[in-house]
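Every value quoted in this text rests on a predicted model; they were computed, and no experiment measured them. Proteins come first, then strands; the chains are lettered A, B, ... in the order of their sequence lines, and each starts at number 1.
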Amino acid sequence: MISPEQFLSSVFWARELPEDERERARRGIMLRILEPGTYFIHRGDRIDNWIGVVSGLLRLGSITTSGKAVTYAGLPPSCWFGEGSLLKDEPRQYDVLALRRTQVALLNRSTFFWLFENSVAFDRLLVRLINERLGQFIAQVEHDRTLDSTGKVARSLASLFNPVISPFVGSHIDISQEEIGLLAGVSRPVANRILQELEKAGLLRNESGGVTILDLEKLRGYGE
DNA sequence: CCATTAACATCTA
DNA sequence: TAGATGTTAATGG
């Protein structure tokens, strides 16, 4: 079980629940460490937790029939996911891989459903997250079809720092340029060139194995 | 033109 | 020293 202090500091929605529901939620959470390169979930798995990233980075994606890895989203710290598979009671549609050493919080199924049935605050949280994610995925399709490579990289980076979905993420993420390329749908050399351009424009700072965002608003609006 | 892959050199944790 | 970054050459839609 997770300590009250750790609960408040690592689960962004803890303070949104009234005291009794918050305590119920806390008792339903376990922490787990994932080593880099390990698959946490395989396509087809049944899961029985709602999952939150505490630290590190996960990649949501799948492998095509031809064996190519496709990335659909990066899951940064304070991002919670898996509610779809729980609510629909269906197997996971996608793989989830740890890109870094990653700590996850697991809210067990029965607590998830107790909150779903009994907590207005929890339901509002779920609606807010699902709504935001829907908007994000629609925007991603739009960007794929309308923006040039620079716009794609800028927008996919910005989506990692979405304040509704990942309010605790801060301004820095440990992520390689290769992974940024996979997220944006461009090759590594292109990702490398664009990241240097964006750095010159003062929108971000490149570090080895990570980026720090300096101007999220400009990144998010890139290409308009 | 602009992107991709493959290859190689250089940097850095 | 392994993984990440920076670059270039060849190739293709």
Indicate whether OP1 or OP2 belonging to [N] is found under 4.0 Å from a side-chain N or O atom of [X].
{"X": "A:Asn192", "N": "C:dG6", "value": "yes"}
{"X": "A:Ser208", "N": "C:dG3", "value": "no"}
{"X": "A:Gln196", "N": "C:dT5", "value": "no"}

Using whole Å, report how far [atom1] of [X] lies from [atom2] of [N].
{"X": "A:Leu182", "N": "B:dT4", "atom1": "CG", "atom2": "C1'", "value": "13 Å"}
{"X": "A:Arg188", "N": "C:dG3", "atom1": "CZ", "atom2": "P", "value": "14 Å"}
{"X": "A:Asp144", "N": "B:dA3", "atom1": "CG", "atom2": "C1'", "value": "15 Å"}
{"X": "A:Glu207", "N": "C:dT5", "atom1": "CD", "atom2": "P", "value": "10 Å"}
{"X": "A:Glu178", "N": "C:dT7", "atom1": "CD", "atom2": "P", "value": "18 Å"}
{"X": "A:Asn206", "N": "B:dT12", "atom1": "CG", "atom2": "P", "value": "13 Å"}
{"X": "A:Leu195", "N": "C:dA4", "atom1": "CG", "atom2": "P", "value": "14 Å"}
{"X": "A:Asp174", "N": "B:dA13", "atom1": "CG", "atom2": "P", "value": "11 Å"}

When rounded to the nearest 0.5 angstrom, what distance separates CG in A:Leu57 from CG in A:Leu99?
->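 Output value for this atom pair is 5.0 Å.
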Measure the CD1-CG distance between A:Ile165 and A:Asn131 for me, rounded to the nearest 0.5 Å.
->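 The CG atom of A:Asn131 is 10.0 Å from CD1 of A:Ile165, to the nearest 0.5 Å.
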Do other residues, nucleotides or ligands put more than 12 heavy atoms under 6.0 Å from the CZ atom of A:Arg124?
->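 Not buried by this count: 12 neighbours or fewer within 6.0 Å.
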OH/A:Tyr222: more than 12 non-hydrogen atoms of other groups inside 6.0 Å =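 Counting neighbours around OH of A:Tyr222, 12 or fewer heavy atoms of other residues, nucleotides or ligands fall under 6.0 Å, so no.
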With a non-hydrogen cut-off below 4.0 angstrom, is A:Ser187 in contact with a base, only sugar-phosphate, or nothing?
->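 Base, at least one base atom sits under 4.0 Å.
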Just call it for A:Arg193: base, sugar-phosphate, or nothing, with non-hydrogen atoms closer than 4.0 Å on any strand.
->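 Answer is sugar-phosphate: A:Arg193 comes under 4.0 Å of backbone atoms only.
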